[in-house]
Amino acid sequence: MEKISEYLKIRIEDLETNPTPRVAICLCLDVSGSMLSVESGDFVRTGRKITINNITGDEVTGGKTRLDELQEGINSFYDEISKDEIAQFAAEICVVTFGDAATCLLDFANIYRQEVPNLRATGRTSMGEGVNMALDLLERRKQEFKNAGVDYYQPWLVLMTDGEPNGDSSELKRAMERTTQMIADKKLTLFPMGIGKDANLATLAQFTPKRNSIRLKEAKFKDFFEWLSSSVETISQSTPGEKVMLNLKAMSD
């Protein structure tokens, strides 16, 4: 408890000493077993089958998995934001993963207080649980902004998955209802991103009536996160409440 209290104290003090308007960004990331599928690079199929986290597929040697590509993309995201003098103080990042369960790997803070988390794959796809946790964390941080009198931009939720949700169906339904209502109330910007050919874009589309879900082109993780960091830089130089157009079409198939 003492460690948590000290962390909360730092979060509050940071708002008092750094009055820069904030943009809260939660990366809600699929780390199910299918993210271990090889997505790019030079790889060779051995002709054998392999089972990891109850997922069976072709064994390969070499190449990069979807999880490898996602990790590199996040690393690039942090690198790019840290280079911008305004964005590094305005952006607050949170990382939630969903596999067998939803986990907050990294709570909201400026990037100079954070270390990039290492992602690990863990079986199923508890998407509803992950999105609900992400929304709860966004709402809590937004309230802390209000309490401190710090201006903030509309929060962002980046939802990335390579498959079909198979967690609690009631949690999934609740997550879809929450995001849809928050977007309608102009309290959330959601980026629904499908990874690879197996991602269910129809399911992703149910999280938002305002933005089409996007299937990332092969090995476009780094490009997407570079686009995202550039968008953060653009937003952080605008006035809270000002409408800024963000174009995702270049990332799609």
Side-chain angles (χ1 to χ4, degrees), residues 4 7-8 11 22-35 53 66-67 70 74 77 91-109 114 117-147 152-195 198-214 216 224-225 228:
I4 295 176
Y7 176 68
L8 291 176
R11 284 161 60 101
R22 308 304 175 89
V23 53
I25 305 161
C26 185
L27 307 178
C28 190
L29 309 175
D30 185 345
V31 292
S32 60
S34 57
M35 288 293 288
N53 291 335
R66 293 170 183 168
L67 197 69
L70 181 56
I74 293 174
F77 179 52
E92 293 208 357
I93 315 299
C94 173
V95 178
V96 170
T97 59
F98 55 92
D100 282 331
T103 303
C104 177
L105 287 188
L106 203 63
D107 207 343
F108 283 109
Q114 296 178 327
N118 292 317
L119 304 179
R120 297 181 183 278
T122 59
R124 293 170 62 81
T125 310
S126 301
M127 189 186 301
E129 292 87 335
V131 172
N132 281 318
M133 177 178 286
L135 295 177
D136 290 343
L137 291 166
L138 281 166
E139 286 294 296
R140 186 188 70 182
R141 191 52 174 162
K142 187 170 70 173
Q143 188 60 51
E144 290 174 356
F145 295 157
K146 291 179 180 178
N147 293 344
Y152 60 91
Y153 304 92
Q154 191 174 104
W156 294 6
L157 175 59
V158 179
L159 174 59
M160 304 186 75
T161 181
D162 75 336
E164 180 78 27
N166 52 22
D168 188 309
S169 59
S170 63
E171 282 289 296
L172 182 64
K173 181 175 182 292
R174 186 166 74 94
M176 290 175 173
E177 290 173 348
R178 291 178 72 187
T179 57
T180 299
Q181 188 60 54
M182 290 176 71
I183 292 166
D185 294 340
K186 298 183 179 179
K187 295 182 177 179
L188 180 71
T189 296
L190 174 63
F191 300 100
M193 310 298 298
I195 300 169
D198 297 323
N200 190 329
L201 298 190
T203 296
L204 283 173
Q206 295 181 60
F207 284 95
T208 172
K210 296 289 187 179
R211 187 184 299 275
N212 292 332
S213 50
I214 298 293
L216 285 180
F224 168 70
F225 280 105
L228 190 67

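Residue indices begin at 1 and follow the sequence shown. Quantities reported herein were computed from a predicted structural model and do not represent experimental measurements. Note that these values count all heavy atoms, side chains included, but never hydrogens, waters or copies made by symmetry.
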Does N166 have any side chain to side chain donor-acceptor pair (under 3.5 Å) partners at least two apart in sequence or in another chain, and if so, which? none
To the nearest 0.5 Å, what is the distance between CG (L70) and CZ (F225)? 5.5 Å
Hey, does M193 have a side-chain heavy atom less than 4.5 Å from the side chain of L204? no
Considering non-hydrogen atoms only, spot the tightest contact between R124 and G167 and give its length. NH2-N, 4.3 Å
Restricting to salt bridge (Lys or Arg N to Asp or Glu O under 4.0 Å), what partner residues turn up for E139, sequence neighbours left out? K142
Distance from L216 atom CG to F224 atom CZ, nearest 0.5 Å? 7.0 Å
Using salt bridge (Lys or Arg N to Asp or Glu O under 4.0 Å) as the criterion, list what pairs up with K146, not counting sequence neighbours. none
Minimal heavy-atom distance between S213 and A205, with the atoms involved, is OG-N, 4.1 Å
Only counting residues at least two apart or in another chain, list the ones meeting side chain to side chain donor-acceptor pair (under 3.5 Å) with D185. Q181
Out of curiosity, L188 CG to I183 CD1, how far, rounded to the nearest 0.5 Å? 5.0 Å
With L105 via side chain to side chain contact (heavy atoms under 4.5 Å, CB included) - residues at least two apart: V95, T97, T103, P117, L119
Smallest separation among heavy atoms of A175 and L135, with atom names: O-CD1, 4.4 Å
Pairs involving residues 127-137, ordered by first then second residue, that meet side chain to side chain donor-acceptor pair (under 3.5 Å) (sequence neighbours left out): N132-E171, N132-R178, D136-R178
Partner set under ring pair (Phe, Tyr, Trp, His ring centres under 6.0 Å) for F98, not counting sequence neighbours: none
Identify, with sequence neighbours excluded, every residue that meets salt bridge (Lys or Arg N to Asp or Glu O under 4.0 Å) alongside D30. none
SG of C94 to CE of M133, rounded to nearest 0.5 Å, is 9.0 Å
Listed by chain and number, what are the side chain to side chain donor-acceptor pair (under 3.5 Å) partners of T180, not counting sequence neighbours? none
Flag, side chain of T189 to backbone of W156, donor-acceptor distance under 3.5 Å: no
Side chains of L159 and T208 in contact at under 4.5 Å (non-hydrogen atoms): no
Quick check on side-chain contact (heavy atoms from CB on, under 4.5 Å): which of V131, L106, L157, V158 does C26 satisfy it with? L157
Looking at every non-hydrogen atom in both residues, tell me the closest pair between S126 and G99 and how far apart they are. OG-O, 2.9 Å
Could you report the tightest heavy-atom contact between S32 and A121, atom names first, then the distance? O-CB, 3.6 Å
Euclidean distance, L138 CG relative to K187 NZ, rounded to 0.5 Å: 13.0 Å
Rounded to the nearest 0.5 Å, the CD atom of E92 sits from the OH atom of Y153 at a distance of 12.5 Å
Before giving the answer on side-chain contact (heavy atoms from CB on, under 4.5 Å), spell out for D107 and R140 the whole-Å C-alpha distance, their side-chain angles and the decisive distance to 0.1 Å. CA-CA 11 Å; D107 207 343; R140 186 188 70 182; 2.3 Å; yes
Can you list everything that forms a side chain to side chain contact (heavy atoms under 4.5 Å, CB included) with E177? Sequence neighbours excluded, please. K173
Sequence neighbours excluded, which residues qualify as side chain to side chain donor-acceptor pair (under 3.5 Å) partners of D198? none
Looking at F207 and T179, what are the two nearest heavy atoms and their distance? O-OG1, 2.7 Å
